[in-house]
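Written out below as structure tokens is the structure these notes cover.
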2 protein chains.
Amino acid sequence: MQANADIDTSATLTERQKAVLDAALRLLVEEGDNLTMTAVARRASCSKETLYKWFGDRDGLLTATVQWQASKVRVVPVDGEKLDLASLTASLEGFASDWLKVISSDTSIALNRVAVGHAGSGKDDLGAIVLENGRFALARRLKPVLEAGKQAGFLDFTDAETAFRTFFGLVARDVQIRLLLGDRLESTEAAIGGDAARATQQFLALYGAKTGPQGL
Amino acid sequence: MQANADIDTSATLTERQKAVLDAALRLLVEEGDNLTMTAVARRASCSKETLYKWFGDRDGLLTATVQWQASKVRVVPVDGEKLDLASLTASLEGFASDWLKVISSDTSIALNRVAVGHAGSGKDDLGAIVLENGRFALARRLKPVLEAGKQAGFLDFTDAETAFRTFFGLVARDVQIRLLLGDRLESTEAAIGGDAARATQQFLALYGAKTGPQGL
DNA sequence: CCAAGGGCGTACCGTACGTTACGGTTCGGC
DNA sequence: GCCGAACCGTAACGTACGGTACGCCCTTGG
């Protein structure tokens, strides 16, 4: 289907439909891409006819499921009012920690797996949806923080996109690809916190302004 | 998963079999995971019966194809005899550039896609094979260089694995996941070179020894 | 020259699954 | 109480594809 991919969804969804999509999501996490319409219907205690009436076909159900999950992680925009270095550091660490938790979660792994698989034979735009609500959403939320840090004199960069991508790399490293490829990689709360702190310190070492906020 | 994944294959392969696997590989790049045995047979101008006799079943063909591709990128180990900073930098840049070229290549993307897809429903160990010949092989090749740099006094780190993962993150950033998810992301030769240089400089900024080789 | 075997092409089988159709049940409105 | 709509459960259909069987060709060796 041609995939409008963003608008409209998650509104105009009845509670029952949300429940069905939740069931599909759970099944997706358990079974991967080889979930059948019958299994979804059985799990959701609904009829296949209803599935087809609501979502068109299998791809429609999949994209609806992915969008439904995406709509659930709408986050509050960070208000950048406090400008001291400690709060900037804490904010960056928070982003890093949240991101590591997200990409380590079962549902994220499952969703990324199916999206990657579908990106190969481009029938739908699952990849675009996941990308839009994952990596690009993160960039949209983080960049204002980076800009605020720059304005406050704590950060020094010319291109926010480049700075963001560096931060992204320092945080994620090889975690996501290893998890997607099936590597066990225990991610304890403490380890994630440590990695987030390390990534933040490294980022500050690279992009921290030489002169403090009172400089220049 | 322990995944022997390396031994035995690529030996005991007749030229004809290699040609068949090349055909399968090409088809995998074009079609993704939804390639059929019939299509492979047609492309390779062989019979399905031959495919089954040689490779057992579809999964066998797939793993043989992945291993065949992996066996083709056996690289020469770097001899770390020259110890000046320029050669270390050049070596790191070379690794970064090579790695970016690899993960941007069509065949790598296709192989990772199918491996990620199969990692979901763990029938075979495609994920382990790809991981073993990709990210872990890179680590094995790079770590001696890092250790040599440390011995020579140019680098300062306690854990080579951690240092490697940082370098990995600085080089790859969001490139691989974006490509896997279908994001267009033109990778010109020049851009890759620039990114490799930037990642190397950032890595040296983080892990370069404060004191030079003559220090302490 | 002939027999054997490896391999090509193709027809065929079984099954899994997407998709559709249909009878039975619940529920809101009159 | 009755009607229609929405929905559940399930049976049925069509197809795609993994896997197998068989006939033919071509080469090799005696």
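Because only heavy atoms are used, hydrogens play no part in the values below, and waters and symmetry mates are left out as well, while side chains stay in. The chains referred to below are lettered A, B, ... by the order of the sequence lines, with proteins before strands, and numbering in each begins at 1.
- Using five terminal pairs a side, the axes of the helix from C:dC1-D:dG30 to C:dC30-D:dG1 at its two ends make an angle of 0°, given in steps of 10 degrees.
- Spacing between atom CG of B:L61 and atom P of D:dC17 amounts to 15 Å, rounded to whole angstrom units.
- Of the side-chain N and O atoms in B:R42, none sit less than 4.0 angstrom from OP1 or OP2 of D:dC17.
- Judged by distance alone, the side chain of A:Q17 and the main-chain N or O of A:T14 form a donor-acceptor pair under 3.5 Å.
- Applying the ring pair (Phe, Tyr, Trp, His ring centres under 6.0 Å) rule to A:Y207 yields the partners A:F203; only residues at least two apart in sequence or on another chain are considered.
- Sequence neighbours left out, not one pair with a member in residues 24-53 of chain B passes ring-ring contact (aromatic ring centres under 6.0 Å, His included).
- Scanning for side-chain contact (heavy atoms from CB on, under 4.5 Å) contacts around B:L51 gives B:V20, B:M37, B:V40, B:A41, B:C46, B:F55, with sequence neighbours left out.
- Of all nucleotides in DNA chain C having an atom under 4.0 Å from a heavy atom of chain B, the first and last in 5' to 3' order are C:dG7 to C:dG9.
- Residues in residues 190-199 of chain A take part in these salt bridge (Lys or Arg N to Asp or Glu O under 4.0 Å) pairs, two or more places apart or across chains: A:R173-A:D195, A:D195-A:R198.
- Comment: B:E161 engages B:R135 in a salt bridge, judged by a side-chain N to carboxylate O separation of less than 4.0 angstrom.
- To the nearest angstrom, C1' of D:dC17 lies 12 Å from CG of B:N34.
- Under the rule for a side-chain contact (heavy atoms from CB on, under 4.5 Å), the partners of A:S97 that lie at least two apart in sequence or sit in another chain are A:K101, A:I192, A:A196.
- A search for side-chain contact (heavy atoms from CB on, under 4.5 Å) contacts involving A:A110 returns A:V29, not counting sequence neighbours.
- At a threshold of 4.0 angstrom between heavy atoms, the contacts of A:L51 with the nucleic acid are absent.
- For residues 105-117 of chain B, there are no salt bridge (Lys or Arg N to Asp or Glu O under 4.0 Å) pairs, not counting sequence neighbours.
- Listed by first and then second residue, the salt bridge (Lys or Arg N to Asp or Glu O under 4.0 Å) pairs that reach into residues 20-36 of chain A are A:D22-A:K72, A:E30-A:R43, A:D33-A:R58, sequence neighbours excluded.
- Listed by chain and number, the residues in a side-chain contact (heavy atoms from CB on, under 4.5 Å) with A:R140 are A:E132, A:F136, A:A137 (sequence neighbours excluded).
- In this structure, A:F55 places its CZ atom 11 Å from P of D:dC7, rounding to the nearest Å.
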> Once each nucleotide of nucleotides 19-28 of chain D is scored for protein heavy atoms under 4.0 Å, what B/S/- sequence comes out, 5' to 3'?
Replying inline: BBBB------

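- At the heavy-atom level, B:L35 lies under 4.0 Å from the strands shown only through sugar-phosphate atoms.
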